[in-house]
2 protein chains.
Amino acid sequence: MQLFNSLSQIINISTELEKALTSFISKKSFKKNEFLLRADEYCNSLYFVEKGSLRGFYFHEEKEITNWFALEGDFGTSFYPFISKTRSYENIQALEDVEVSVLNNTELKKLYSDFPETEKLGRIILEDYYSKLEERLINIQFKSAKERYSNLMENRPQIIQRVPLGHLASYLGITQETLSRIRAGN
Amino acid sequence: MQLFNSLSQIINISTELEKALTSFISKKSFKKNEFLLRADEYCNSLYFVEKGSLRGFYFHEEKEITNWFALEGDFGTSFYPFISKTRSYENIQALEDVEVSVLNNTELKKLYSDFPETEKLGRIILEDYYSKLEERLINIQFKSAKERYSNLMENRPQIIQRVPLGHLASYLGITQETLSRIRAGN
DNA sequence: TTTATTTTTTGATATAGATCAAAAACTTTG
DNA sequence: CAAAGTTTTTGATCTATATCAAAAAATAAA
């Protein structure tokens, strides 16, 4: 379970904590294009991608807007609803056949209570998610479409290889036509 | 102290809690254009505006970008650094002569410990800040400059009356020239 | 393997906003 | 009150991206 490897880079995992994690965490599989979460449902789960890829997206004026991708080794959830316990505006969808480890927020709370060192996990997830949102805003506001694509090529090339270009374009905040032109070097 | 009025709409304030708050909270005044925080400092304080106005801003490629304004009754801080205890990239500046109530994060932690009901305060601040960041992203990405100005006119007209137009333009993500054209109806 | 559907690319055109410059209006300083 | 400095507005021009349409390429279904 790759999740343990990731966690042990964040916090020290005692034997007791490992037992608790093992009992709390479940494994789930989804087929390509299946939904893990649909908008308007409550988002109670934090997903860790063991294999495959996910995206979070919502509709804006009848267009699909992709907010995030998660590949192997990444956490994914509809973050704000997860924290605030409100209905999600986002959908979460498998882009490929996917295996995820799942932790729900009741169990996460219990982990925080029983193992205070796991609060660091929560804080790191919060900070990571928050800084990604800020980065997204900065990219949309200050970088050209071409720059955004170049940055993604440098930082997360696997996404470009594994994700349909329509989803990629919506994540970058541009149309498919514009993305094609950038890729063609025009 | 208007802060108590605001707080008592969020949580029930016991006598003990009121005493603790009174001893923790300090009052500060700043002159117009004075800085409450400069970039690269640690941001340990949560400000509540009793009178006047504040803005949070940072520099991007030698331009000032305003992130937020706070008027009477609003909280203001450089949020992410406040939570993550890292150096701030933002400055906080008084736009007018200002009086603020100040709570620092050590005291806030103590409040959370001694009065668990105050965790709700922290959660509400977090949610408020987060949803404002998402709203900002949505505005920048999907709304025209004119729509952004119109929304602000409807939702927070006092800002337009009290804030220099240069700061307003940078908050809206447009140039001063464009803001002038919108205001002129061209 | 062929046909149908979907995804991606290319062509042509329109536009919101940036940029640069200068003028006008307002505020600060002496 | 006048001069200097700053803020705001207006004019002219340019450009990145959207939009609409159609063609090409790739994938899915029969």
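Bear in mind the structure is a predicted one, so any value in this text is a computation, not a measurement.
- Near-neighbour residues of DNA chain C inside residues 150-174 of chain B, defined by a heavy atom below 4.0 Å, number-ordered: B:Gly173, B:Ile174.
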Identify each atom pair where a protein N or O and an N or O of nucleotides 24-30 of chain C are less than 3.5 Å apart, giving names and distance.
none

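- Where DNA chain D meets chain B (any atom under 4.0 Å from a heavy atom), the bounding nucleotides read 5' to 3' are D:dT8 to D:dA12.
- Residue pairs meeting the ring-ring contact (aromatic ring centres under 6.0 Å, His included) criterion with at least one member in residues 80-119 of chain A, sequence neighbours excluded: A:Tyr58-A:Tyr89, A:Tyr80-B:Tyr130.
- Every pair tested for salt bridge (charged side-chain N to carboxylate O under 4.0 Å, His left out) that includes a residue from residues 36-53 of chain B fails, sequence neighbours excluded, so the list is empty.
- We find that CG of B:Leu179 is positioned 17 Å from P of C:dA16, with the value rounded to whole Å.
- Think of A:Ile174 as one node in a network of Ile, Leu, Val, Met, Phe, Trp and Tyr side chains linked at under 4.5 Å; its network also takes in A:Phe69, A:Leu71, A:Leu95, A:Tyr149, A:Leu152, A:Met153, A:Ile159, A:Ile160, A:Val163, A:Leu165, A:Leu168, A:Tyr171, A:Leu172, A:Leu179, A:Ile182.
- At a threshold of 4.0 angstrom between heavy atoms, the contacts of B:Ser144 are confined to the sugar-phosphate backbone, with no base atom among them.
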For residues 1-12 of chain A, which side-chain donor-acceptor pairs fall under 3.5 Å, sequence neighbours excluded?
{"from": "A:Ser8", "atom 1": "OG", "to": "A:Phe4", "atom 2": "O", "distance (Å)": "3.1"}
{"from": "A:Ser8", "atom 1": "OG", "to": "A:Asn5", "atom 2": "O", "distance (Å)": "3.0"}

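- Counting only residues at least two apart or in different chains, salt bridge (charged side-chain N to carboxylate O under 4.0 Å, His left out) contacts with residues 108-118 of chain B comprise B:Lys110-B:Asp114.
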Identify all side-chain donor-acceptor contacts of residues 25-33 of chain B below 3.5 Å with residues at least two apart in sequence or on another chain.
none

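- With rounding to the nearest 0.5 angstrom, the CD1 atom of A:Ile92 is 5.5 Å from the OH atom of A:Tyr47.
- Atom CD of B:Gln176 and atom P of C:dT19 are 13 Å apart (whole Å).
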Restricting to nitrogen or oxygen on both sides, can you table the protein-nucleotides 11-14 of chain C pairs closer than 3.5 Å?
{"from": "C:dG11", "atom 1": "N7", "to": "A:Arg181", "atom 2": "NH1", "distance (Å)": "3.1"}
{"from": "C:dG11", "atom 1": "O6", "to": "A:Arg181", "atom 2": "NH2", "distance (Å)": "2.8"}
{"from": "C:dA12", "atom 1": "N6", "to": "A:Arg181", "atom 2": "NH2", "distance (Å)": "3.1"}

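- Through direct or indirect side-chain contacts shorter than 4.5 Å among Ile, Leu, Val, Met, Phe, Trp and Tyr, B:Phe59 is connected to B:Phe35, B:Phe57.
- Checked against side chain to side chain donor-acceptor pair (under 3.5 Å), A:Ser84 has the following partners two or more places apart in sequence or in another chain: A:Thr86.
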